[in-house]
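Reading through the structure tokens given below for one structure.
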Amino acid sequence: MTEYHFKTPISEEDIRKLKVNDVLYITGTIVTARDQAHRRALEYFKEGKQLPVNLEGLAVFHCGPVVSKEGDKWVAVAAGPTTSTRMDIFEDEFIKNFKVRVVIGKGGMGKRTTDAMAKYGAVYGAFTGGAAILAAKAIKKVKGVEWLDLGTPEALWIFEVEDFGPLAVAIDSHGNNIFMDVAKNVEENRKKIYQKLGLQI
Amino acid sequence: MEIANVVENVAFNLIKQAVIYLPEDVKQALKKAYAEETSAAGKTQLKAILDNIELAEKYKAPICQDTGTIIFYANAGADVKHLDKIENALINATRKATKEVPLRPNAVDPFTQKNSGDNTGRFIPYINWDIVPGDTLELTVMTKGGGSENVCTTGMLVPGEGINGLKKFVIEAVIKAGSQPCPPTILGVAMGGGSDIAIKLAKKALLKPLNEPNPNPEIAKLEKELYEAANMTGIGPMGLGGKTTVLGVHVEYAFRHPASFPAAVAFNCWAARRATARIHADGTVEYVTHKGRV
Ligand code: SF4
């Protein structure tokens with residue numbers, strides 16, 4: 001387990017250094033995107049349109065933040081992660097097309113995303129579910145917001161962050177996926193539990 | 001002061017206390033879990049949770065962005081006057097808390113999908129009433145997160161399987177829930193009564209402090225057994241693996257119909273938010289879970 005502090009834009013070379021169980025902190029720019037933003041971004045790509053923000057080397061954050069407007073400035077009040085599995089159907093194309101290096105969320109992602117991360121060089125950083133203040137305090141500035149027509153939680157929020165984390169590297173760019181390992185392990189443990197409790201499978 | 005005003009005031013304070021400060025027993029359990037967790041990834045998560053709890057207290061901000069559905073438990077003394085005014089007072093307190101704490105608006109009309117914006121709506125905040133002897137009103141608020149609510153489950157088990165069927169049901173519920181309810185979680189487990197009674201008892205059991213096992217030794221033994229079994233799954237904090245999957249298990253029961261074995265598992269996430277106060281007949285207020293946090 002090694003701790004890394006990366007600044008965006010993050011290079012493929014750097015991201016390949018990370019292994020599952022490492023801990024990552026990010027300084028620089030992260031951009032939120034949930035289901036709808038993923039869908040629109042991929043449509044833009046198909047139509048050859050530019051995204052409003054260049055995501056190369058950045059982190060995409062599965063998050064619908066609570067924001068408030070103070071004067072004409074946006075402030076992130078709470079910004080915990082949302083469940084990532086909903087984005088599984090978009091993430092491989094998203095990584096391939098936009099070259100994001102880090103995907104931040106909670107609950108993990110599946111094989112499709114794991115394969116894309118290995119192929120194009122990206123990792124999944126698990127941020128602690130519910131730790132909304134920890135996240136909000138690492139957000140130094142709301143640099144901008146795009147696609148507000150999708151609604152506050154679904155918009156692209158561009159955050160300037162300092163040591164955003166801890167992110168547990170749960171999927172690395174070498175095909176390892178902690179969540180898939182845990183699932184296998186749980187299957188094994190289920191047998192032991194049944195045995196201990198004297199239950200029939 | 002009018003009882004309605006006192007109740008509104010107290011309920012507002014309870015909501016605020018609940019969403020900002022975790023109860024002491026939950027904090028202690030998380031600290032113990034952090035000390036004992038051996039999985040590196042799991043430990044990082046527990047550390048982040050503890051840091052987050054501290055920051056929430058420091059900045060007096062809600063612990064989690066999902067401030068939950070507002071649920072009240074009212075133990076009303078039979079001699080308390082103006083009980084008919086209390087429901088309205090609780091609704092007003094919820095509105096005020098949404099604006100002033102603030103809370104995330106979490107009450108959506110299931111027909112129109114419109115969010116009421118103030119955490120109130122048909123049956124919400126929900127109030128569970130119990131009539132007890134005396135002239136004291138004991139109010140408890142639970143602000144219940146959606147992630148952990150989504151994995152709550154009831155089942156009609158096979159009576160012939162008895163308690164073993166229940167054990168299986170609980171373990172399978174924990175495994176199926178996986179990382180979804182933001183583990184480490186607290187489990188409320190109930191059997192008997194009927195499908196509605198079981199889940200109601202299970203959810204209410206989530207209000208019990210973690211350091212208080214059931215006074216009935218047989219139930220306490222079952223709680224311990226389920227606790228150990230759930231932590232053998234290896235799901236771990238946030239599903240990243242480890243030995244802390246649940247912080248505690250509370251078991252409740254009602255008698256059952258001979259042909260039925262209703263069972264229920266209610267999950268609460270690590271952000272297990274609750275607060276209790278007693279309003280006495282002379283108007284004095286006693287904060288039970290969050291002394292000195294008003
Ligand atoms: S499950 Fe609980 S801790 Fe997790 S996001 Fe929901 S309310 Fe917060």
Side-chain angles (χ1 to χ4, degrees), chain A residues 1-3 20-24 63-68 76-85 106-108 126-138 153 165-170 178-179 181-201, chain B residues 39-59 61-67 102-104 145 147-148 150 161 164-165 167-168 171-172 174-175 178-183 225-226 228-230 232-242 245 269-271:
Chain A
M1 191 191 119
T2 317
E3 192 175 301
V20 284
N21 282 320
D22 284 343
V23 174
L24 173 63
C63 165
V66 179
V67 285
S68 75
V77 180
T82 190
T83 303
S84 298
T85 41
K106 73 161 177 157
F127 190 83
T128 311
I133 305 298
L134 200 60
K137 289 295 159 205
L167 304 170
V169 177
I178 293 189
F179 290 96
D181 292 347
V182 169
K184 248 186 258 157
N185 197 13
V186 170
E187 276 312 309
E188 283 303 306
N189 291 336
R190 172 194 263 133
K191 284 180 215 148
K192 288 185 206 149
I193 294 169
Y194 272 55
Q195 218 166 28
K196 190 177 169 220
L197 297 177
L199 306 172
Q200 309 283 324
I201 299 262
Chain B
S39 125
K43 221 173 162 89
T44 341
Q45 299 305 304
L46 290 167
K47 176 76 176 28
I49 287 173
L50 291 172
D51 288 349
N52 188 71
I53 292 170
E54 220 170 88
L55 283 174
E57 292 188 359
K58 185 169 160 205
Y59 292 100
I63 307 161
C64 177
Q65 76 275 3
D66 179 1
T67 45
L103 310 177
R104 193 171 82 177
S148 55
N150 284 344
E161 282 195 43
N164 274 355
K167 291 179 186 170
K168 219 190 258 186
I171 295 310
E172 291 306 320
V174 171
I175 290 177
S179 66
Q180 265 195 81
C182 287
E225 218 177 357
L226 290 172
E228 285 168 358
M232 270 175 76
T233 57
I235 293 167
M238 294 299 146
L240 285 164
T245 304
C269 41
W270 65 262

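Just so we're clear, the structure is a prediction, and the values are computed from it rather than from any experiment. Below, chains carry the letters A, B, ... as their sequence lines are ordered, and counting in each starts from 1. Computation of the quantities below employed the complete heavy-atom set of this structure, encompassing side-chain atoms and omitting hydrogens, waters and symmetry-equivalent molecules.
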Give a yes or no on whether A:K184 atom NZ has more than 12 heavy-atom contacts from other residues, nucleotides or ligands under 6.0 Å away.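 No.
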
Is it the case that atom CD in B:E54 sees more than 12 heavy atoms from other parts of the structure closer than 6.0 Å?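 No, not enclosed.
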
Which atoms of [X] approach chain B - backbone, side chain, both or neither, heavy atom under 4.5 Å:
X	value
A:I193	both
A:I178	side chain
A:Y194	side chain
A:K192	both
A:V23	side chain

Per-residue contact mode, [X] against chain A (heavy atom under 4.5 angstrom):
X	result
B:A271	neither
B:E172	side chain
B:P62	backbone
B:N164	both
B:Q180	backbone

Once you round to the nearest 0.5 Å, how far does CG of B:L55 lie from NZ of A:K137?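 With rounding to 0.5 Å, CG (B:L55) is 7.5 Å from NZ (A:K137).
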
How far does CG of A:L24 sit from OG1 of A:T2, to the nearest 0.5 angstrom?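 Result: 11.5 Å between the selected atoms.
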
Taking C-beta and beyond as the side chain, do B:K167 and B:L226 meet within less than 4.5 Å on heavy atoms?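 With C-beta onward as the side chain, the pair touches.
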
Looking only at heavy atoms and a cut-off of under 4.5 Å, which of B:I49, B:T44, B:I171, B:L240 has the most pairs with chain A? B:L240

Chain A contacts, top residue of B:A48, B:G241, B:G145, B:G242 (heavy-atom pairs, under 4.5 Å): B:A48

If you take all heavy atoms of B:I63 and A:I133, which pair is closest and at what distance?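 Where B:I63 meets A:I133 most closely, the heavy atoms are O-CG1, 4.1 Å.
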
Quick one: do A:R190 and A:E187 make a salt bridge, cutoff under 4.0 Å?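 Judged by the 4.0 Å cut-off on N to carboxylate O distance, A:R190 and A:E187 do form a salt bridge.
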
So which of A:L197, A:V66, A:N185, A:N21 has the biggest tally of heavy-atom pairs under 4.5 Å with chain B?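 Counting heavy-atom pairs under 4.5 Å, the top option is A:L197.
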
Given 3.5 Å as the limit, does a donor-acceptor pair link the side chain of B:T245 with the main chain of B:G236, or not? yes

Report yes or no: does A:S84 contribute a side-chain atom to a donor-acceptor pair with the main-chain N or O of A:G107 at less than 3.5 Å? no

